[in-house]
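Ligands are counted one by one from 1 in listed order, and the atoms in each one are counted from 1 as well. If you're wondering where the values come from, they're calculated on a predicted model, not measured in any experiment.
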Amino acid sequence: MSQNNSRQSGRADVGVIVVAAGSGQRLGLGIPKARVLCAGRTLLEHALQGVLAAGVADVVVVVLPPGDDVLSAVVAREADIAQGHQVLAVTGGRTRTASVRAGLEALPSSIRTVLVHDAARALTPPGVFRRVSEAVAAGMAAVIPVVPVVDTVKIVQGNMVTETPDRAALRAVQTPQGFDRATLLAAHAGEASDDPRVTDDAMLMEAGGVGVHVVDGDPLAFKVTTALDLVVAEAVLARVIPAQPRPATD
Ligand code: C5P
């Protein structure tokens, strides 16, 4: 789809918030996760490439750890080369919810639909962005991509199992999560937004009684959290990115 056509079909009033302000403690490399290199590029660069390739939004707000010059430079570079997109950087907060809120505050008033995306889901295919934004455009106020759960999941208290939920009814939740902007703002203004147990925006919607719809996610939208995830991401990139031409030597 050409850029002009896609603007006419509505992407001008869609904004993506990419949250990249996490510390990456579980990865254990001592730097923010978004700065970790994977196949020679930062996770944030991979994530932004996916967002821009999806072509669902004109405005991209990237939420960064305070004072991170390396990631600020990544965003500035992407902003320079991202034709037809406005790419901005803002500083995040102590929790993911606070970081999303910082992104929301930076969105231009023209934005009606917001997709919230974890930079850590750096290999998310364009199709996931499209499925989510199309569902919001079709009138759903809250949409999340999900995949089936392969493990049996137990509820545990102390060292004892108290319950085994029916696996067939369980789904693992990914991002981008898509929302009607006004509904998301109202959810972030509610009491639940201060609850440290809130791990995604859909939970705030649920707390406010808003129905949350699901669409198909994708295994490649996995969250890079551990060293093993990084190995998997490197292996995926080694297969999907064509070999770069060798620089000419003379
Ligand atoms: O910590 P978790 O794995 O839930 O983080 C998911 C996403 O939220 C990551 O992309 C991370 O950078 C982001 N995040 C953030 N601000 C925080 C905590 C997490 O932007 N304070």
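Under a 4.0 Å criterion applied to the non-hydrogen atoms of R26, ligand 1 contributes the atoms 1 (O), 2 (P), 3 (O). Ligand 1 places these atoms under 4.0 Å from at least one heavy atom of A120: 10 (O). If you number the atoms of ligand 1 from 1 as listed, the ones under 4.0 Å from a heavy atom of R94 come out as 21 (N). Close contacts between ligand 1 and D118 involve ligand atoms 6 (C), 7 (C), 8 (O), 10 (O) [criterion: under 4.0 Å to a heavy atom]. Those atoms of ligand 1 that come under 4.0 Å of a heavy atom in S99, given as number and element, are 15 (C), 16 (N), 17 (C), 20 (O), 21 (N). Taking a cut-off of under 4.0 Å to the non-hydrogen atoms of T95, the atoms of ligand 1 that pass are 16 (N), 17 (C), 21 (N). The ligand atoms of ligand 1 that sit less than 4.0 angstrom from a heavy atom of K223 are 2 (P), 3 (O), 4 (O).
The backbone N or O of A186 sits nowhere less than 3.5 Å from a side-chain atom of H188 that would complete a donor-acceptor pair. T91 contributes no side-chain N or O that, together with a main-chain N or O of P66, makes up a donor-acceptor pair within less than 3.5 Å. At distances below 3.5 Å, not a single donor-acceptor pair connects side-chain atoms of R35 with backbone N or O atoms of D68. With T97 contributing its side chain and T95 its backbone, the two residues share no donor-acceptor pair below 3.5 Å.
In summary, the side chains of T226 and D229 do present a donor paired with an acceptor at a separation below 3.5 Å, with no hydrogens or angles considered.
Using a 4.0 Å cut-off between charged nitrogen and carboxylate oxygen, R181 and D13 do not count as a salt-bridge pair. The existence of a salt bridge linking R96 and D200 is excluded, since no basic side-chain nitrogen approaches an acidic carboxylate oxygen closer than 4.0 Å.
Considering only non-hydrogen atoms, atom 19 (C) of ligand 1 lies nearest to G22 out of A102, G22, A119.
Counting heavy atoms of neighbouring residues, nucleotides and ligands inside a 6.0 Å radius, atom CD of Q157 does not exceed 12 of them.
Of all the heavy atoms of T199, none lies under 4.0 Å from any atom of ligand 1, so neither backbone nor side chain is involved. Within the 4.0 Å heavy-atom criterion, the part of A20 lying near ligand 1 is the backbone and not the side chain.
Counting heavy atoms from C-beta on, the side chains of D118 and Q174 never come closer than 4.5 Å.
At least one heavy atom of G93 sits closer than 4.0 Å to an atom of ligand 1.
In this structure, the protein non-hydrogen atom closest to atom 9 (C) of ligand 1 is V19 O, 3.8 Å.
There is a protein heavy atom closer than 4.0 angstrom to atom 21 (N) of ligand 1.
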